[in-house]
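Shown next, in structure tokens, is the structure this report addresses.
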Amino acid sequence: MHYTLFITHKCNLNCGYCYLIKNPATMSISTARHIIDFMFSHNTSDPQREISFSGGEPLLEFEVLQEIVSMIENHPAYHPENVTISLTTNGTIFSYEIAAFLKKHSVQFSVSCDGPPYVHDLFRRFPDGRGSSHIVENTIKQAMETFSSIKVHAVYHPETIRALPSVVDYLCS
């Protein structure tokens, strides 16, 4: 069973193709506790659980993320071999502290990157119009120093689909 937790709908980007309605709400710890209890008390025929953090930008609420991961790991029904935890970020918020926490808790790291700057920056922009590719590229490099593997999520749009071969080359280099 796969569960996705949107711990916030806040985001520091203003992506041109985003369909989420941004709002300042953050998941309460009480709500997270109810969800975690539900996850572990249901789906008993298959012990495997995938728990993903998404958003908005989940790293805007890093402290909440840390607390929820701790609740998962301290739940009486938690068994690390049966639970996969992952995080998808827009890649604009990252630090060695975040990387160390994610690695210590075996959280799989995924970053959204649409390709080289001329593709990525078409839609993934800050509210002031600046592109985010330079920051995302640095995040990917930093993450590759920490994790044995990372996943990259790329969004394709009618304006960018022709660049797909360049995107693949860029992400493989």
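Values below: all heavy atoms of this structure, side chains included; hydrogens, waters and symmetry mates excluded. Since this is a predicted model, take the numbers as computed values, not measurements.
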Subject >> Taking every non-hydrogen atom, the tightest pair across P58 and G55 >> reply: CD-N, 4.1 Å
**OP:** Kindly say whether Q108 contributes a backbone atom to a donor-acceptor pair with the side chain of K103 at under 3.5 angstrom?
**Re:** no
Original post:
How about Y17 and E159: does a side-chain donor come under 3.5 Å of a side-chain acceptor?
Top reply: no
Original post:
Is there a donor-acceptor contact under 3.5 Å from the side chain of S132 to the main chain of R124?
Top reply: yes
**OP:** Could you go through the ring pair (Phe, Tyr, Trp, His ring centres under 6.0 Å) check for H105 and F101 one step at a time?
**Re:** CA-CA 6 Å; H105 296 275; F101 174 83; 4.3 Å; yes
**OP:** Using only heavy-atom distances, determine whether the side chains of E61 and T26 contain a donor-acceptor pair under 3.5 Å.
**Re:** yes
**OP:** Output yes when E57 and K10 qualify as a salt bridge under the 4.0 Å nitrogen-oxygen rule, no when they do not.
**Re:** no
**OP:** Compute whether any side-chain donor of one residue and acceptor of the other, for D114 and H157, lie under 3.5 angstrom apart.
**Re:** no
Original post:
Side chains of S41 and D37: is there a donor and an acceptor less than 3.5 Å apart?
Top reply: no
Subject >> pair H153-V155: side-chain heavy atoms closer than 4.5 Å >> reply: no
**OP:** Can you measure from CZ (R49) to NE2 (H42) and round to the nearest 0.5 angstrom?
**Re:** 10.5 Å
**OP:** Test side chain to side chain contact (heavy atoms under 4.5 Å, CB included) on F53 and V69 and set out the steps.
**Re:** CA-CA 10 Å; F53 293 101; V69 168; 3.8 Å; yes
**OP:** Determine, stepwise, if the pair F40 / Y3 fulfils ring pair (Phe, Tyr, Trp, His ring centres under 6.0 Å).
**Re:** CA-CA 11 Å; F40 285 115; Y3 301 91; 8.7 Å; no
**OP:** Could you tell me whether the side chain of I93 reaches within less than 4.5 Å of the side chain of I98, counting heavy atoms only?
**Re:** yes
**OP:** Take M71 and I29, measure what side chain to side chain contact (heavy atoms under 4.5 Å, CB included) needs, and give me the verdict at the end.
**Re:** CA-CA 9 Å; M71 280 192 298; I29 296 304; 4.0 Å; yes
Original post:
Given side chains that start at C-beta, do those of V136 and N90 come closer than 4.5 Å, heavy atoms only?
Top reply: no
**OP:** Heavy atoms only: give me the nearest S112-T88 pair and the separation to one decimal.
**Re:** OG-CG2, 3.9 Å
Subject >> Flag for S166-Y118: side-chain donor and acceptor within less than 3.5 Å >> reply: yes
**OP:** First locate atom CZ of F126, then atom CG of L13, and finally report the distance between them rounded to the nearest 0.5 Å.
**Re:** 5.0 Å
Original post:
Checking T139 side chain against I135 main chain: does a donor-acceptor pair fall under 3.5 Å?
Top reply: yes
**OP:** State, without any angle test, whether S133 and D121 hold a side-chain donor-acceptor pair at a distance under 3.5 Å.
**Re:** yes
**OP:** Establish, from distance only, whether the side-chain atoms of S52 and S86 form a donor-acceptor pair under 3.5 Å.
**Re:** yes
Subject >> Worked check of side chain to side chain contact (heavy atoms under 4.5 Å, CB included) between F147 and L102 >> reply: CA-CA 9 Å; F147 304 105; L102 298 175; 3.8 Å; yes
Subject >> Side chain to side chain, Y170 and E137, heavy atoms closer than 4.5 Å >> reply: yes
**OP:** Measure the spacing between CD1 of I7 and CG of L65 and express it to the nearest 0.5 Å.
**Re:** 4.5 Å
**OP:** Inspect the surroundings of CD in E81 and state if more than 12 heavy atoms from other residues, nucleotides or ligands are less than 6.0 Å away.
**Re:** yes
Original post:
Are F6 and V64 co-members of a hydrophobic cluster defined by side-chain heavy atoms under 4.5 Å apart?
Top reply: no
**OP:** May I ask you to test the Y78-I36 pair for a side-chain heavy-atom distance under 4.5 Å?
**Re:** no
Original post:
Looking just at side-chain N and O atoms, do N14 and D128 make a donor-acceptor pair shorter than 3.5 Å?
Top reply: no
**OP:** State the CD1-SG distance between I140 and C113, to the nearest 0.5 angstrom.
**Re:** 4.0 Å
Original post:
Taking atom CG of L87 and atom OG of S54, what is their separation to the nearest 0.5 Å?
Top reply: 8.0 Å
Subject >> E67 side chain near F62 side chain, heavy-atom distance below 4.5 Å >> reply: no
**OP:** Could you tell me the separation between the CD1 atom of I35 and the CZ atom of R33, rounded to the nearest 0.5 Å?
**Re:** 11.5 Å
Original post:
When clusters are formed by joining ILVMFWY residues with side-chain heavy atoms under 4.5 Å apart, either directly or through shared neighbours, do V119 and F123 land in the same one?
Top reply: no
Original post:
Does one hydrophobic cluster hold both V152 and L164, with members joined at side-chain heavy-atom distances below 4.5 Å?
Top reply: yes
Original post:
Given side chains that start at C-beta, do those of H9 and I21 come closer than 4.5 Å, heavy atoms only?
Top reply: no
**OP:** Report yes or no: do I85 and M27 belong to one cluster of Ile/Leu/Val/Met/Phe/Trp/Tyr joined by side chain heavy-atom distances under 4.5 Å?
**Re:** yes
**OP:** Just do the side chain to side chain contact (heavy atoms under 4.5 Å, CB included) check on F109 and K151 with the steps written out, would you?
**Re:** CA-CA 6 Å; F109 185 77; K151 293 181 181 177; over 6 Å; no
Original post:
Between the main-chain N or O of P116 and the side-chain N or O of H120, is there a donor-acceptor pair closer than 3.5 Å?
Top reply: no
Subject >> Sub-4.5 Å side-chain heavy-atom contact between I150 and M144 >> reply: yes
